[in-house]
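Everything numeric here is computed off the predicted structure, so don't read it as measured data. We name chains A, B, ... by the order of the sequence lines, and we start the count at 1 in each one.
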There are 2 protein chains.
Amino acid sequence: MGERLKRIRVKALHDRIVSKEEAASWIKDGMTLGLSGFTRAGEVKAVPYALVERAKHESFKVNVYTGASLGSDIDKLFTEAGIVNRRLPFQVDRTMRKAINDGQINFVDQHLSHTAELVRSNVMPIDYAILEAISITENGEIILSSSVGNSLLFAEHAKNIIIELNTAWPENLEGVHDLYSPDPQGERTPIPLTKPDDRIGQTGIKVDLDKIKGIVFTDKLDEPSDIVPPDEETQTMANHLLDFLRKEIAQGRLTEKLAPIQAGIGSVANAVLHGMLQSEFEGLDVYSEVLQDAVFDLIDAGKVKSASCCSFAISEEKMKQVYGDFEKYRDKLVMRPQEISNHPEIIRRLGTISINTALEFDIYGNVNSTHVTGTKMMNGIGGSGDFARNARLAIFVTKSTAKNGEISSVVPFVSHVDHTEHDVDVVITEQGYADLRGLAPRERAPLIIENCVHPMYREQMREYYEEALKRGGHTPHVLEKAFSWHENLIKHGTMRELVHA
Amino acid sequence: MGERLKRIRVKALHDRIVSKEEAASWIKDGMTLGLSGFTRAGEVKAVPYALVERAKHESFKVNVYTGASLGSDIDKLFTEAGIVNRRLPFQVDRTMRKAINDGQINFVDQHLSHTAELVRSNVMPIDYAILEAISITENGEIILSSSVGNSLLFAEHAKNIIIELNTAWPENLEGVHDLYSPDPQGERTPIPLTKPDDRIGQTGIKVDLDKIKGIVFTDKLDEPSDIVPPDEETQTMANHLLDFLRKEIAQGRLTEKLAPIQAGIGSVANAVLHGMLQSEFEGLDVYSEVLQDAVFDLIDAGKVKSASCCSFAISEEKMKQVYGDFEKYRDKLVMRPQEISNHPEIIRRLGTISINTALEFDIYGNVNSTHVTGTKMMNGIGGSGDFARNARLAIFVTKSTAKNGEISSVVPFVSHVDHTEHDVDVVITEQGYADLRGLAPRERAPLIIENCVHPMYREQMREYYEEALKRGGHTPHVLEKAFSWHENLIKHGTMRELVHA
């Protein structure tokens, strides 16, 4: 206990140490919890399990707000225990996803930068903030772990705070966080960040210590993230993207330092970043939500000079390397609240190059990031909209087909719109890319059809578009066939026209 | 000529005075023009006519970029002359609309705040800026007239500038404009505006005078704007909105000063603002794109203490009143570039209450602002997306039916998405309002159906939703019927189910 106590450098807090069961006992039916955790990093790892235990002999429901996705199977266990009424703003768990799609959990799919304003303006009040920390300093500042997410917001606005002090984290993570909270709207000054690596806030969360109702010790690192290695198609897509960026440089719109890069999670983003390892690009800045292995590889290679994020989600091997020698990376890294990593003010000011994954896009450039056949939620919009709307370059990537070719990821009309035609600059598949900037719908469609649609679907798409053109309009469509590809998929397991099947 | 010359206070520019025909002769086939004009205010009124004349015996096409809509029938005459290749970011002309929908003009429907970044980063270069001004000062600053729009941007980035010096405007409009241009992305500092009436820029456009290739005199005010008086339904909608705002005050989320108000053009916005005349609200700020008569009435009544805009679009009577006694209004008014009036950084910082008109919305809160039956462009998205995404309250209003009830403005699935479910807080019809904040799709749908759908369509919508619920999913839909209401409208002239007809 002695070693652990050193992590709570304010002695007055030592009497707040409780068991996870006791902390969980404070949570009442109907309460709203604000949990730390973003991209399965830095989530609390004890109190949630105790809550699940309680649910075995007690009936209650809570609202669960987070940064983004939780690791440690918490969303799964919460769902199985049946204790979640409302969940926001993002999740990635298979079990929870099913409950959401069955209508058992009220999932609110929010832009990751939006949650903060709703909490701050008291539209969505919080009862308990439950936050993972690595220490509490002499000044009573809570030092967060491998993600910031909405933790600062929750700490400031929750009525009570429970800290999970996780001794598995090296204490020298202290200093990597940069915590800045805008004032309420109407009393707010500009966010003073003008460069991706600017530090504008505090390294820990300073709150009224009376709000800290309990401290629970834990001792387990995050689950390591899986890194999906590039395959031939993701490699090809990465090459298309790098080609596009080279053309922008040739036209004088970018330099070899590019612009601050944001890359969503996924195999294509990973392939793109790895593609940069062998490229001429250098002196790069990253201004993103999550840092995965590839960014650390780019730092090691001297290609990336700074990386701003909201969480680390790295593999087991990379965890050993980074947390084992954190001083090597310290001066390159800044970890921020998701409100700042995703803030429209900052993204527009910096002019990021934003690379996000589409579930499907249509011939006019509308993007679906969330809903399978328009109805079934996958994970959520996450931060893709925060970035796409205000990026210098809003780039969406997807393989042109899925499920062994039975699904075309380019469709006549997306079955759900997360990013409108107004917000999408470039779409990329392994077939090629379409630069949609400054183009009218009737210019975009042929470009997308010829450059991005898989050859297996190209003729079928040309037929749709030609029929639509006969109907006319600024954005030609055959409304009764707009979703026919999705309908075929539901009924027959393929988007391919049955006459060709 | 003597009186007119006094408006050009830099003598060296006197030899640039040319006829509109000469100025028009400089425009070559394929060039891109950046024209002043926003909400049919402050457009150039001479050179466009000379261009149309030229087109009678010469074949050429140009790209026409503006602030927003042009008055003086310019879009109509340009369309009839067949000289427009590309048009952006907004228009409202009936003749041009038809040409757009026939595919004769490449119309690019952009967020009004986005055009600036594309011009600045040289994705869309400009050959000639053609700008209306009221004078050129001793320091060579161009003083704009009744709108700012993109004029500062065009002046800074065009290769050449033509000024139309319009002597019909009172010279004492000088001082109302506040012209601020952000630096390129990556070199940009925060926009220092923190209050709706802050002045952060220059009153005139300062450019290299060598770029001013010609000056043409004109002498005609803007066409007056039509003000649509409230009818019973718009009055009811305004009352719903005021009720909603009173509930926000009761919950401590707003005060009687509300928050900076943005209201789009239209009869409902007008009814809302007039509703405030007789209300308890006071000390109001307006941070909007266009000021119409109602804002000046609110200033006269002492209700509005400041109004920031990008243009004045007022009636004939109000023009006499305002331009006849401008000193009375001067200290209450600021007119800004549309990049600043619509900037995500500013809108998010101030936390506006944004009231915009929907063409239709669906049971999950997605909004279509632009496309009739998903294909035919009306006007364009304008600034509605700039505001909705970052507002404190993104409110969309529409009458629940159109065309004598044959069209329901609330539909199962909007036929085009301009504002996604992630960006819409409150929807209002004359039937009532639905506050969608923090709600899951399955919570939103019943609320919208019961509160907003016209009784004539309510049962039909309940049937759709119940059938969709049986299919399941986070956002339940019956894909093959999602657009059936629109299909019925196209085929049978009504959205009502034929079995009921």
Side-chain angles (χ1 to χ4, degrees), chain A residues 100-103 106-111 117-118 121-124 185-186 188-192 194 252-253 259 344-345 348-351 366 371 373-377 381 385 389-390 392 415-418 420 422 437-440 442-443 471-477 479-480 482-483 486-487, chain B residues 100-103 106-111 118 121-124 185-186 188-192 194 252-253 259 344-345 348-351 366 371 373-377 381 385 389-390 392 415-418 420 422 437-440 442-443 471-477 479-480 482-483 486-487 490:
Chain A
I100 289 168
N101 286 319
D102 289 346
N106 289 311
F107 177 60
V108 187
D109 180 21
Q110 285 177 335
H111 296 297
E117 303 289 6
L118 289 162
S121 61
N122 211 28
V123 175
M124 306 192 314
Q185 286 176 320
R188 189 174 293 176
T189 50
I191 303 171
T194 59
R253 295 175 188 153
E345 173 172 339
R348 181 78 169 258
R349 184 179 298 151
L350 298 178
N366 299 285
H371 283 70
T373 60
T375 56
K376 285 192 188 138
M377 172 56 58
I381 189 169
R389 169 66 65 89
N390 289 303
R392 178 191 311 245
S415 58
H416 185 88
V417 180
D418 291 298
T420 74
H422 313 285
R437 293 173 297 171
L439 297 187
R442 289 180 188 226
E443 297 173 297
R471 303 262 180 110
H474 176 59
T475 304
H477 270 301
L479 274 193
E480 70 273 23
F483 293 143
H486 301 90
E487 292 165 31
Chain B
I100 288 168
N101 286 320
D102 289 346
N106 289 311
F107 178 59
V108 187
D109 180 22
Q110 284 177 335
H111 296 298
L118 289 162
S121 60
N122 210 27
V123 176
M124 306 193 312
Q185 287 176 319
R188 188 175 293 176
T189 51
I191 302 171
T194 60
R253 295 174 186 154
E345 173 172 340
R348 181 77 169 257
R349 184 179 299 152
L350 297 179
N366 299 284
H371 283 70
T373 59
T375 56
K376 285 192 186 139
M377 172 56 59
I381 189 169
R389 169 65 67 87
N390 289 303
R392 177 191 311 244
S415 58
H416 184 88
V417 180
D418 291 298
T420 73
H422 313 285
R437 293 173 297 171
L439 298 187
R442 289 180 188 227
E443 298 173 296
R471 303 262 180 111
H474 176 60
T475 304
H477 269 300
L479 273 194
E480 70 273 23
F483 293 144
H486 301 90
E487 292 165 30
I490 293 167

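- Of all heavy-atom pairs between A:P344 and A:N390, the closest is CB-ND2, 3.2 Å.
- The candidate with the highest count of non-hydrogen atom pairs below 4.5 Å against chain B, out of A:E487, A:E117, A:H477, A:R349, is A:R349.
- Between B:E345 and A:R348, none of the side-chain N atoms (NZ, or NE/NH1/NH2) sits under 4.0 Å from a carboxylate O, so this pair counts as no salt bridge.
- Considering only heavy-atom pairs separated by less than 4.5 Å from chain A, the leading option among B:P192, B:G438, B:A259, B:A482 is B:G438.
- Using a 4.5 Å cut-off between heavy atoms, B:L479 contacts chain A through both its backbone and its side chain.
- The backbone N or O of A:D109 lies less than 3.5 Å from a partner atom in the side chain of B:H422, making a donor-acceptor pair.
- The aromatic rings of A:H416 and A:H371 sit parallel to each other, their planes meeting at less than 30°, with 60° as the upper class boundary.
- Annotation: maximal heavy-atom pairing with chain B below 4.5 Å, among A:R188, A:H474, A:R437, occurs at A:H474.
- For B:D102, the part lying near chain A is the backbone, with the side chain staying farther off; criterion is any non-hydrogen pair under 4.5 Å.
- Interface summary for chain B: among A:R253, A:E480, A:H486, the most heavy-atom pairs under 4.5 angstrom belong to A:R253.
- Counting heavy-atom pairs under 4.5 Å between each of A:I100, A:T420, A:N106, A:T194 and chain B puts A:N106 at the top.
- Top candidate by heavy-atom pairs under 4.5 Å with chain A, chosen from B:Q110, B:R442, B:K376, B:M124, is B:R442.
- The candidate with the highest count of non-hydrogen atom pairs below 4.5 Å against chain A, out of B:G186, B:G351, B:P190, is B:P190.
- For B:I490, the part lying near chain A is the side chain, with the backbone staying farther off; criterion is any non-hydrogen pair under 4.5 Å.
- Most heavy-atom pairs under 4.5 Å with chain B, from the set A:I191, A:N366, A:L118, A:V123: that is A:V123.
- Highest contact tally toward chain A, considering only B:H111, B:M377, B:R471, is held by B:H111 [criterion: heavy-atom pairs under 4.5 Å].
- For B:R389, the parts lying near chain A are the backbone and the side chain together; criterion is any non-hydrogen pair under 4.5 Å.
- The parts of B:R392 that come within reach of chain A are both its backbone and its side chain, each placing non-hydrogen atoms under 4.5 angstrom from that chain.
- For B:E443, the part lying near chain A is the side chain, with the backbone staying farther off; criterion is any non-hydrogen pair under 4.5 Å.
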